[in-house]
Amino acid sequence: MDAFTSTSKTASNEGFGRFVVEVASLLTLVTVKKLAVLLNFSPAEIDIIERDPIPGYQFLSALREKGFICEESISPLIDSLNSSDLHGIAENVMKSFRRNITRSHPQRDLTSDIQGKKEHFLKEIRETYEDICNGVQPVPYLRQRLMCVDNVFTDSGLEYFHKQGGTTGEGMWGKLDSYNSIFIDPRFLQAMVFLILGEPGYGKSTLALQYAYDWCKRSLSSPLKEVEILIFLRLRYLKGLASIFSAIKQFLLPCDSRLSESDIEDIILNCNSKVIVLDGFDEYLSSDNANSDVTKIISRQMFRDFRVILTTRPSSIPTRLSYKTEKLRLIGFDKQSRERYILKAVVDCNSEAAAKIVQRLQQNPVLADICQVPLFFVMFAHLTYEKETSFDSVLDSVTSFFRYVVSCFYEHIQIKTGSYNTATATSRCATTHHQLNKLAFESLQGKNQRLVWRKDTLIEKIGKIKYNELVEIGILVEENVMTIVDDPGTSAADHIQRRTDVTFYHKLFCEWYAAHYVADYVTGPYASNLQKFFELLSPFSLQYVYRIACGLNPAAAEKIIHYLHSIEGGDKFAILCILEQTGKVDKIKDIIRRMCSQGIIISGHESLLLQRSTMQLLEIAGRNEIPIEYLILSNCLQSVDLATGSIRITSGLALSSKTPVSLLQISMTNREITEDEAIAILEFSSMCPSIRGLRYWGCVPPVSFRCGSTLSTLKSRGATVWWRWDEYSPRYYLNLQSGRWENICDQSEPTANDFEQMPRGSRQES
Ligand SMILES: Nc1ncnc2c1ncn2[C@@H]1O[C@H](COP(=O)(O)OP(=O)(O)OP(=O)(O)O)[C@@H](O)[C@H]1O
């Protein structure tokens, strides 16, 4: 029994009765009928209400009988008023409830019963989590088919950063068995803060929600069943809120909860095992000041006995993190995760239907790479299943994928409303959204990202028609939120207010519209100081904005790629942008030439998409006879196939011997190279007419090579073969006559002992 029920049984009915009478006068017949339908009243029940001389009273009595309202809570009534956009009435109902019920419970002393309050608090936050967990929408327009996170969540792989270099920040990523490992793996016994990183759409919020679900349901398989309290907060809503207790009250408790912020503080102090999940630091960045509670929590100046899970994009890591922080990252969906997702969330275990979806994905390798990103894959899988048609083969870039997805949304809604024809679907989808594009761009700027708007403000900016359309499609999502108004002079009854806020279905949709703005702006008449313009949006935090802008407009691509090429670390990114342009590279040949002249690296740590894009860049270079100064294959060698003249890298992609590379470097610091591999690489190099140099780095090649014809081919071409352990060790070159290594300084041959003594184990990449 909780603190409220223990006293409410003795509470006078008077207060509640007065409340019912007051509220009955606020509810007209039209309102009552609307609410009754929302609350699933039967036609017969509605008929009785309609016939009553005071329908509001009859309706409230029925609500009371059905248990929808009682002295403890009137949430269903408030929620249905809010979802009918009757916010004014909802507020007045709340005021009446507070006025009458509080007055009729003068003896209610919550502080005297902390245990009761705790139970009540846990019950209330569990209910909130249940609502959120049951509202997962894999595709925006499928609102009628909300799913429970547990029915879609696929444990796709979490890696943790294993520190090796003390304070130097060196280390390696290793895979964890499951998302629950952070609570049970002995390596994390001391860890108090878990920083979970993930690129856009990689599933940070979904994972955070799954933790909330496991705790809420006390899932038997979850270590969270032992945890007494779990606080789950989405940081984007906490902007401007300094107090965590205020945030908990505002976002986790029902609007009519009688627990105060200080109650919450007491309850939390009195809990034993505690976890707090803070989702989306990247959307909170601007509020990251030393005085905010969130900052204090993640730096462990507050809630020290909490285990903290913080999710963010890799480009937005908090500066004030506790030294007891473990870094983890989400790695996206591999083939197995994708298949598991389809079976679990799309086809209801129908393996034949699942195979069809997988087959469609495999038909297009670029699409398969894009679908490493769970957000994209999930939309692909559901749309493919829904539409029963193959995805068009022109889906060869993120831009074309997004364009297709958005057009599916429009098409769907038109079919639903009976207004569908291909022409209108396409033209409505292609309609320019200048205001929305601008708003999206501005909302992503700098550290002041702002991804939630008030409904009225947004309507004012983009117009009611467009607004309604985007809400109907599901690209914009309305949310009822409770706010606490602390302005001087605010009466107690007005302290808590409700309003409708709006956000994008997913941040990537905001980036999609912002990309349109970028593409238009940089090719428009006002594009004078582009450097300054680009600095407004960091390309590294918002890669999709730039990639999509390139895909939308080749002229914009030219400018963006020029800019990326001029900034540190922009080259790799520029490759992704180049590939968004679906093959037309004439205008950027000079940039490709410059990139190739500076050398290209393919690393095993990179995403499959980046590897594929880099490979495509090499192909473009080959087709256009652009020489590549050097190519480093770093920790990504899989095998060498001499029959086809190719090197296969770990992602499964192949490098052809026709690639016009001058110097090839094989860096292997993650494992030893075998003798057969080293010889095969040498033979591969002899097959590449352009190769003038081969370098082995960080590995121990064979003592000698006995492949006379290969060596003489290389010699006749004037090629040199080098070997070096690391930048501090001696450099050896291969005598192409004898097939033996010689020290470059004194021509001495390394002894067998020298080879033996080479340190083994993982080292830093060159
Ligand atoms: N592990 C998963 N299991 C099932 N679905 C997932 C998973 N991860 C992501 N998804 C799907 O991808 C969508 C996007 O994921 P989510 O919003 O969690 O990404 P995010 O990393 O938080 O993105 P962002 O950084 O852009 O906010 C989800 O709505 C969900 O449909």
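Worth saying up front: this structure is predicted, and the values here are computed from it rather than measured. First listed ligand is number 1; within each ligand, the first listed atom is number 1.
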Q. Does some non-hydrogen atom of Q210 fall short of 4.0 Å from ligand 1?
A. no
Q) Mind checking whether D155 has an N or O less than 3.5 Å away from an N or O of ligand 1? A) no
Q: Could you check R187 against Y160 for side-chain hydrogen bond (donor to acceptor under 3.5 Å, both in side chains), going step by step and ending with a plain yes or no?
A: CA-CA 11 Å; R187 285 173 295 195; Y160 82 105; 2.7 Å; yes
Q: Could you tell me whether K217 and E130 have a side-chain N and a carboxylate O separated by less than 4.0 Å?
A: yes
(Q) When you compare ligand 1 with T206, is there at least one nitrogen or oxygen pair between them that comes in under 3.5 angstrom? (A) yes
Q. Is the F153 ring parallel, tilted or perpendicular to the Y179 ring (thresholds 30°, 60°)?
A. perpendicular
Q. What is the closest protein heavy atom to atom 25 (O) of ligand 1, and at what distance does it sit?
A. K204 NZ, 2.6 Å
Q) Taking N or O atoms only and a 3.5 Å limit, does H506 qualify as a polar contact for ligand 1? A) yes
Q. Taking the six-membered ring for Trp, are Y211 and F183 ring centroids under 6.0 Å apart?
A. yes
Q: Check whether any N or O atom of G203, backbone or side chain, sits under 3.5 Å from an N or O atom of ligand 1, and answer yes or no.
A: yes
Q) Charged N to carboxylate O below 4.0 Å: is that the case for K438 and E442? A) yes
(Q) Check this for me - ligand 1, K507, N or O atoms closer than 3.5 angstrom, yes or no? (A) no
Q | Which residue and heavy atom of the protein sit nearest atom 31 (O) of ligand 1, plus the separation | A | V378 CG1, 3.6 Å
Q) Can we say K175 and E159 salt-bridge, meaning some charged N sits less than 4.0 Å from an Asp/Glu carboxylate O? A) no
(Q) Is it the case that ligand 1 has an N or O less than 3.5 angstrom from some N or O of Y341? (A) no
Q) atom 3 (N) of ligand 1: which protein heavy atom is closest, and how many Å away? A) T154 N, 2.9 Å
Q) Thinking salt bridges, do R236 and D279 make one under a 4.0 Å N-O criterion? A) no
Q | Heteroatom proximity flag, P200 to ligand 1, N/O under 3.5 Å | A | no
Determine all donor-acceptor pairs shorter than 3.5 Å in which one atom belongs to a side chain in residues 509-516; sequence neighbours excluded.
unit_1 : atom_1 : unit_2 : atom_2 : d
E511   : OE2    : R313   : NH1    : 2.8
E511   : OE2    : R313   : NH2    : 3.0
H516   : ND1    : W512   : O      : 2.8

Q) Within less than 4.0 angstrom of ligand 1, does V152 place any heavy atom? A) yes
